[in-house]
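Following: one structure in structure tokens, then a few remarks.
As a basis for the values below, the full set of heavy atoms in this structure was taken, side chains included, without hydrogen atoms, waters or symmetry mates. Order of appearance sets the numbers: ligands from 1, and atoms from 1 within every ligand.
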Amino acid sequence: MTQTTDRRTADQHQQGLHAHPHPALAFSITERDDRLGDLEREIVLSDPGFGKTFTDHMVRATWTLGAGWHDAEVTAYGPLLLDPAAAVLHYAQEIFEGMKAYRHADGSVWTFRPEANAARFNRSARRLALPELPESDFIESLRALVSTDVDWVPEPGPSGEKSLYLRPFMFASEVFLGVRPAAEVTYCVIASPAAAYFSGGAKPISLWVSTDFARAGDGGTGAAKCGGNYASSLAGQMEGAQHGCDQAVFLDSSTHDYIEELGGMNLFLVYRDGRLVTPELNGSILEGVTRSSILELAKDLGLQPEERRIPIAEWKDAARSGELAEVFACGTAAVITPVGELKWDGGSVDHRSYGPADSEPAMGVPESVALRLREMLLDIQYGRVEDSRGWLTQLA
Ligand code: COI
């Protein structure tokens with residue numbers, strides 16, 4: 001039975017979600033005449049932090065069940081006028097992406113593997129019963145915003161990692177309290193100048209093993225990039241903070257034995273023998289674009305990438321035996337961040353304290369895999385080396 005408040009059947013909605021192949025969206029651009037002044041913008045760009053300030057404009061488009069995608073525009077950045085009954089505020093039908101625009105030495109601006117983000121956005125959309133947005137429209141929306149606000153893309157700076165963080169998102173804007181997929185949806189892109197995600201830069205972070213709280217479960221939304229997953233990670237993160245940790249690591253929800261991810265980042269373990277191990281995609285882990293890029297780049301370093309189930313006990317044992325050389329977290333916002341201590345209810349371990357004094361990494365393996373991979377990624381993203389894999393797309 002579909003609900004009585006709405007005569008649409010699930011089938012009709014399903015057809016509606018995919019029924020409107022449209023010509024490429026044309027993003028009309030209405031430039032505001034009160035842009036932030038050059039001097040004020042340069043002050044923001046000199047020390048942007050993360051996610052605190054936003055550019056002059058934003059992208060907005062609307063989807064309705066009857067008409068598909070329409071009214072695509074670049075307009076002044078500003079608050080959204082939402083009815084208190086907008087479905088997203090009640091049932092969290094929302095998805096997002098995280099990407100960056102990088103300024104190259106010649107002034108041009110590029111983004112990294114946007115097709116992968118567009119594909120993931122559509123996988124998330126399907127999971128949350130939202131309409132898909134064609135890849136070309138997704139990329140065009142980024143181009144329209146970044147070319148309008150191109151002065152907001154910082155130079156990489158002394159840290160070498162300043163960029164313009166791009167946040168595409170889509171949510172149920174229909175005014176309706178029945179629980180069913182919304183018949184009106186809004187797509188937006190906002191942009192925020194960004195430096196390092198963690199205030200300590202590439203300084204190692206500490207992790208709390210969350211056993212009371214899982215981030216996602218079998219058949220749930222763990223593989224989708226939806227706000228709800230991030231909300232559900234916050235209690236674990238708070239528990240970690242109470243134990244003096246920077247982030248929480250979540251385990252599988254059924255056995256609590258296997259490592260999944262941090263909520264906002266994927267995890268990698270580096271063994272002294274050259275194995276680079278990360279939890280396999282099991283439906284509840286986010287398929288990170290940085291994660292998959294690292295698995296590719298690892299081969300160039302002579303590492304042996306492995307995607308498999310990793311018991312949390314393996315991490316503790318390998319740290320104590322000295323087999324584990326490094327652990328790092330990765331994501332678009334944080335790039336690659338080394339992990340130092342792992343703490344749990346009743347103990348802690350830090351792989352950096354256990355390596356035998358005379359241990360050498362395997363032949364050809366760099367001393368810090370995390371820092372070398374980070375440099376390789378940033379070199380590609382900022383155009384300092386040839387983009388031999390075709391991972392960059394020019395935005396401006
Ligand atoms: C990203 O790395 O871009 C993320 O989406 C993680 C976080 C900032 C939510």
Side-chain angles (χ1 to χ4, degrees), residues 48-55 92 94-102 110-125 127-128 138 141-142 145-146 153 161-171 188-202 205 207 215-216 221-238 240-241 246-250 260-268 278-279 284-295 328-339 370 373-374 377-378 381 391 395:
F50 183 86
K52 295 188 303 190
T53 41
F54 299 89
T55 64
E94 185 269 354
I95 58 172
F96 68 95
E97 274 302 320
M99 312 172 67
K100 283 176 173 171
Y102 307 92
W110 302 72
T111 194
F112 184 70
R113 305 187 68 188
E115 318 75 26
N117 293 87
R120 186 172 66 187
F121 199 51
N122 282 334
R123 288 197 298 278
S124 303
R127 180 62 185 85
L128 273 288
F138 179 88
S141 70
L142 308 175
L145 180 58
V146 171
V153 184
E161 64 166 305
K162 275 198 253 175
S163 63
L164 184 65
Y165 187 76
L166 306 175
R167 173 54 64 87
F169 59 104
M170 190 195 287
F171 60 93
C188 296
V189 190
I190 54 174
S192 174
Y197 184 71
F198 291 108
S199 51
I205 55 169
L207 299 184
R215 166 190 168 271
T221 56
K225 203 161 173 70
C226 63
N229 292 339
Y230 295 77
S232 87
S233 75
L234 296 178
Q237 197 172 313
M238 268 169 63
D246 299 303
Q247 294 279 309
V249 52
F250 294 97
E260 296 221 314
E261 56 153 278
L262 301 195
M265 279 166 280
N266 296 116
L267 265 177
F268 279 88
T278 194
S284 58
I285 293 174
L286 191 82
E287 188 175 349
V289 177
T290 311
R291 175 190 179 280
S292 77
S293 308
I294 287 169
L295 288 168
F328 63 86
C330 68
T332 299
V335 196
I336 289 181
T337 303
V339 173
L373 283 167
R374 183 183 147 83
L377 258 180
L378 293 174
Q381 291 167 337
W391 278 348
L395 294 179

Next on the checklist: Out of all atoms in ligand 1, which are within 4.0 Å of some heavy atom of G98? Include the element for each.
Outcome noted: 3 (O)
Next on the checklist: Under a 3.5 Å distance rule, please check whether E261 uses its side chain to pair with a backbone N or O of L286 as donor and acceptor.
Outcome noted: yes
Checklist entry - Distance-only, no hydrogens or angles: does the R120 side chain make a donor-acceptor pair with backbone N or O of E97 under 3.5 Å? => result no
Checklist entry - Which ligand 1 atoms are under 4.0 Å away from a heavy-atom of A333? => result 1 (C), 2 (O), 3 (O), 8 (C)
Checklist entry - When only distance counts, is Y230 in polar contact with ligand 1, meaning an N/O pair under 3.5 Å? => result no
Checklist entry - When the aromatic ring centroids of Y102 and F112 are compared, is their separation below 6.0 Å? => result no
Item to check | Atoms in ligand 1 flagged as close to G264, the criterion being non-hydrogen separation under 4.0 Å | outcome: 6 (C)
Item to check | Contact check, K225 vs ligand 1, heavy-atom distance below 4.0 Å | outcome: yes
Next on the checklist: Set out, in order, the CA-CA distance, both residues' side-chain angles and the distance that settles side-chain contact (heavy atoms from CB on, under 4.5 Å) for V335 and T290, then state yes or no.
Outcome noted: CA-CA 7 Å; V335 196; T290 311; 5.5 Å; no
Checklist outcome for this item: Y197 heavy atoms within 4.0 Å reach ligand 1 at atoms 8 (C)
Checklist entry - When you measure from atom 3 (O) of ligand 1 to every protein heavy atom, which one gives the shortest distance, and what is it? => result Y165 OH, 2.6 Å
Item to check | CA sep, side-chain torsions, deciding dist, call: I294, F328, side-chain contact (heavy atoms from CB on, under 4.5 Å) | outcome: CA-CA 11 Å; I294 287 169; F328 63 86; 3.8 Å; yes
Checklist entry - Do any N/O atoms on T332 end up under 3.5 angstrom from N/O atoms on ligand 1? => result yes
Next on the checklist: Looking at R215, is its backbone amide N or carbonyl O close enough to the side chain of S232 to form a donor-acceptor pair, meaning the two atoms are under 3.5 Å apart?
Outcome noted: yes
